[in-house]
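Let me begin by presenting the structure, written as structure tokens, before commenting on it.
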Amino acid sequence: MLDFINMIVPVLLLTASMLLGCAEYAHMLQLESYQLDGYARWIAANKNRAYAKGMVVSIVSLAAMMLLSFFAGAWTYLLSSVVALAGGAVSFALYKRRPAKKKLVLTKRVWRLMAIHCALWAVVFMLVDVAGDYVVQLRALPFVLPAAWVWALALSARLAQPLESAINRRYFRDAQRRLQENPGLIKIGITGSFGKTSTKFILGTLLKEKYNTLLTPSSFNTPMGITRVVREQLKPEHEVFIAEMGARHKGDIAELVDLVHPEIGILTSVGPQHLETFGSIETVAATKYELIEGLPQSGAAFFAADGAWCETLYEKATVEKTLAGLADTCPIRAENIRVTNEGSSFTLVTPKGSIDCSTPLLGRHNIQNAVLCAAAALHLGLTPAQIQAGMSKLTPVEHRLQLIQGNGGVTVIDDAFNANPEGAKAAMEVLSAFPGRRICVTPGMVELGEMEAEIHRAFGRQMAAACDIAVLVGLKRTPPI
């Protein structure tokens with residue numbers, strides 16, 4: 001019985017320690033869409049967070065093993081494993097206490113990853129236990145491993161990739177089939193460096209005035225996110241499907257086009273977003289244009305009038321195309337714009353007449369998004385009255401210039417989700433329109449590559465013009481601000 005306890009129980013304890021200690025890294029891997037290159041960049045940018053707890057657990061576990069070897073005898077390995085488990089539990093508790101913008105979602109993929117993770121390291125610990133009878137020094141290996149917890153999870157994820165790829169391909173093909181089985185379904189793709197989620201919800205609200213419309217929720221914009229929506233929510237009675245399309249690498253949009261096969265494409269913006277993975281603004285533009293390239297010749301494309309990349313890509317497009325926005329040269333544009341701290345109003349000018357619109361949305365950039373959506377809605381046959389009614393029903397997307405009435409007369413503008421230069425600039429313009437004392441709280445922006453410092457300095461100038469007090473969170477990105 002003693003031999004059994006000393007062999008099996010330490011393996012179980014050490015495996016449980018690995019499971020608890022690596023929970024935070026599983027969360028980070030999920031936030032990086034299970035892309036190991038993105039996970040490696042997170043480790044490089046957060047070395048202290050990635051290694052500190054594991055190093056402490058290793059040091060404490062090894063010290064306990066050395067100390068126990070003097071008086072615990074045959075129970076040394078078992079008791080040291082208890083210490084390692086306690087270290088894993090403390091690490092897990094510290095992770096759970098850390099506030100998170102997006103919490104770990106316990107999807108089936110996470111459960112499969114952690115099952116592979118446990119199985120892999122249980123086998124390793126079993127082999128170490130057996131080999132320890134011949135080479136005693138090997139028994140120290142499990143107590144060194146916490147220092148590499150972050151990479152141990154990466155190894156498990158790499159081993160899980162063939163299985164996940166096979167599952168994803170099966171789901172992907174099933175979603176393709178479901179979309180193809182509804183030939184009358186109007187399919188719309190929306191992409192851009194920023195503004196795509198807000199644009200999606202604006203367009204969805206407008207089109208619901210005429211059509212039974214399904215749109216991807218929240219920021220679902222990856223192949224598996226869209227696949228899940230199609231498989232779980234798309235019904236035969238749906239007339240329109242709107243898919244937000246995100247990208248971090250060249251070819252990502254083309255993959256989504258292959259899934260959805262949209263006949264309408266909307267390009268909201270091209271900017272310095274995810275430059276760490278794209279490398280250059282030219283690659284960003286080429287990737288976003290994959291949506292337009294994937295449209296059928298009978299399709300239609302809608303571009304935001306930005307005076308920059310969107311208009312360059314508009315000139316390049318060969319399908320039916322429309323430029324919409326705030327510029328006087330746009331055939332569909334906004335005039336008589338009035339933006340207040342309670343909402344916006346404008347006149348929508350179209351080739352067939354003008355429409356007076358009012359919306360609770362804040363900021364000129366949201367009027368740009370609304371005009372872009374109105375252009376697509378008019379193309380799909382909505383009447384001026386339906387456009388007007390839809391505009392009045394728009395509501396801010398959560399964490400995107402969301403107005404919250406706080407206590408004591410304080411008004412909070414929650415723009416926590418936006419992390420791009422144009423969104424930050426728009427937020428400062430909105431803030432400057434509010435009366436009273438204006439305060440901005442920000443940690444800066446991420447994934448801006450070599451332009452990070454320059455963009456943050458510009459953000460600081462915009463902030464200085466818009467607010468009375470700035471609270472800058474963290475030392476990594478705020479000095480240029």
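One finds the CE atom of Met245 at 10.5 Å from the CD1 atom of Ile188 (value rounded to the nearest 0.5 Å). Between atom CD1 of residue Ile116 and atom CH2 of residue Trp111 there is a gap of 14.0 Å, rounded to the nearest 0.5 Å. To the nearest 0.5 Å, atom CZ of residue Arg109 and atom CD of residue Glu164 are 4.5 Å apart. Residue Lys210 holds its NZ atom at 10.5 Å from CD1 of Ile387, rounded to the nearest 0.5 Å. To the nearest 0.5 Å, the span separating SG on Cys118 from CZ on Phe125 amounts to 10.0 Å. Atom OG1 of residue Thr411 and atom CZ of residue Arg438 lie 12.5 Å apart, to the nearest 0.5 angstrom.
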Any chance you could lay out the side-chain contact (heavy atoms from CB on, under 4.5 Å) test for Val240 and Leu185, step after step, and finish with the verdict? CA-CA 6 Å; Val240 175; Leu185 185 68; 5.5 Å; no
Stepwise side-chain contact (heavy atoms from CB on, under 4.5 Å) check, Trp151 with Ile43: CA-CA 9 Å; Trp151 292 112; Ile43 295 171; 3.6 Å; yes
Let's go through Ile469 and Cys440 carefully: what are the C-alpha distance in whole Å and the side-chain angles of both, what is the deciding distance for side-chain contact (heavy atoms from CB on, under 4.5 Å) to 0.1 Å, and is it a yes or a no? CA-CA 6 Å; Ile469 296 174; Cys440 179; over 6 Å; no
Test Met28 against Arg49 for side-chain contact (heavy atoms from CB on, under 4.5 Å), laying out the working first. CA-CA 11 Å; Met28 293 304 110; Arg49 182 176 172 186; 3.5 Å; yes
Side-chain donor-acceptor contacts of residues 88-97 below 3.5 Å, not counting sequence neighbours, with atom names and distances?
residue: Tyr95; atom: OH; partner: His27; partner atom: ND1; Å: 3.0

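By the side-chain contact (heavy atoms from CB on, under 4.5 Å) test, Ala433 is found to be paired with no residue, residues two or more places apart in sequence or in another chain being considered. Every residue was checked against the salt bridge (charged side-chain N to carboxylate O under 4.0 Å, His left out) condition with Asp414, not counting sequence neighbours, and none meets it. Under the rule for a salt bridge (charged side-chain N to carboxylate O under 4.0 Å, His left out), Glu290 has no partner lying at least two apart in sequence or in another chain. In this structure, the side-chain contact (heavy atoms from CB on, under 4.5 Å) partners of Lys108, at least two apart in sequence or on a different chain, are Arg112. Applying the salt bridge (charged side-chain N to carboxylate O under 4.0 Å, His left out) test to Lys476 and every residue at least two apart in sequence or in another chain returns nothing. For Gln30, the side-chain contact (heavy atoms from CB on, under 4.5 Å) partners two or more places apart in sequence, or in a different chain, are Tyr34, Leu104, Val105, Thr107, Val110. Scanning for side-chain hydrogen bond (donor to acceptor under 3.5 Å, both in side chains) contacts around Arg228 gives Glu232, with sequence neighbours left out. Evaluation of the side-chain contact (heavy atoms from CB on, under 4.5 Å) rule for Val412 yields Ile404, Val410 as partners, not counting sequence neighbours.
The closest donor-acceptor contact from the side chain of Ser269 to the backbone of Gly192 lies at 3.5 Å or more, if one exists at all. Panel note: side chain Asn182, backbone Leu179; no donor-acceptor pair is recorded below 3.5 Å. Of the possible donor and acceptor atoms, none in the side chain of Lys208 sits under 3.5 Å from a partner among the backbone N and O of Gly204. Lys288 places no side-chain N or O within 3.5 Å of a backbone atom of Val284 that could act as its donor or acceptor partner. Here the side chain of Ser432 pairs no donor or acceptor atom with the backbone of Ala466 at under 3.5 angstrom. Judged by distance alone, with hydrogens and angles left aside, the side-chain atoms of Ser392 form no donor-acceptor pair with the main-chain N or O of Thr359 at under 3.5 Å. Without hydrogens or angle criteria, Arg477 side chain to Met445 main chain gives a donor-acceptor distance under 3.5 Å. Judged by distance alone, the side chain of Asp174 and the main-chain N or O of Arg170 form no donor-acceptor pair under 3.5 Å. A donor-acceptor pair under 3.5 Å links the side-chain atoms of Glu239 to the main chain of Asn212, judged by distance alone. Listed for the Asp252 side chain is a donor-acceptor partner under 3.5 Å among the backbone atoms of Arg248.
Of all non-hydrogen atoms in Ala453 and Pro480, the two that sit nearest each other are O-CB, 3.6 Å. The two atoms that bring Ala424 and Gln462 nearest to each other are C-OE1, 4.4 Å, heavy atoms only. Of all heavy-atom pairs between Trp149 and Gly54, the closest is CE3-CA, 3.8 Å. Shown here for Leu313 and Tyr289, the closest heavy-atom pair between the two residues is O-CE1, 3.6 Å. Shown here for Cys357 and Leu348, the closest heavy-atom pair between the two residues is SG-CB, 4.1 Å. In this structure, Ala154 and Leu36 approach most closely via the heavy-atom pair O-CD2, 4.2 Å.
Within the 4.5 Å cutoff, side-chain heavy atoms of Val371 are placed close to those of Phe346. Side-chain contact between Ile266 and Leu372: present, with at least one pair of heavy atoms (C-beta onward) separated by less than 4.5 Å. In this structure, Ser156 and Leu113 have side chains that are in contact, with non-hydrogen atoms separated by less than 4.5 Å. The shortest side-chain heavy-atom distance between Gln368 and Thr199 does not fall under the 4.5 Å cut-off. Looking only at side-chain heavy atoms (C-beta outward), Pro262 and Val257 come within less than 4.5 Å of each other. Side-chain contact between Thr478 and Val473 is absent, with no heavy-atom pair separated by less than 4.5 Å. A 4.5 Å side-chain heavy-atom check between Ile264 and Leu380 finds at least one atom pair inside the cut-off. Put simply, the side chain of Ile332 reaches to within 4.5 Å of the side chain of Thr322, judged on heavy atoms.
Note: Trp42 and Tyr39 have parallel aromatic rings, judged against thresholds of 30 and 60 degrees for the angle between ring planes.
Heavy-atom neighbours of Lys425 NZ from other residues, nucleotides or ligands within 6.0 Å: at or below the threshold of 12. When the shell of 6.0 Å around CZ of Arg364 is examined, it contains 12 or fewer heavy atoms from other residues, nucleotides or ligands.
Applying the ring pair (Phe, Tyr, Trp, His ring centres under 6.0 Å) definition to pairs two or more places apart or across chains, none involves residues 211-247. A salt bridge (Lys or Arg N to Asp or Glu O under 4.0 Å) check over residues 299-318, counting only residues at least two apart or in different chains, returns nothing. Listed by first and then second residue, the ring pair (Phe, Tyr, Trp, His ring centres under 6.0 Å) pairs involving residues 295-325 are Phe302-His379, Phe303-Tyr314 (not counting sequence neighbours).
Counting only N and O atoms by type, the side chains of Gln161 and Arg158 include a donor and acceptor under 3.5 Å apart. For the residue pair Lys200 / Thr216, a side-chain donor-acceptor distance below 3.5 Å is found, with atom types taken as modelled.
Checked against Cys373 for a side chain to side chain contact (heavy atoms under 4.5 Å, CB included), the options Leu207, Leu203, Thr205, Ile190 give a single hit: Leu203.
Using a 4.0 Å cut-off between a side-chain N of Lys or Arg and a carboxylate O of Asp or Glu, Lys53 and Glu24 qualify as a salt bridge.
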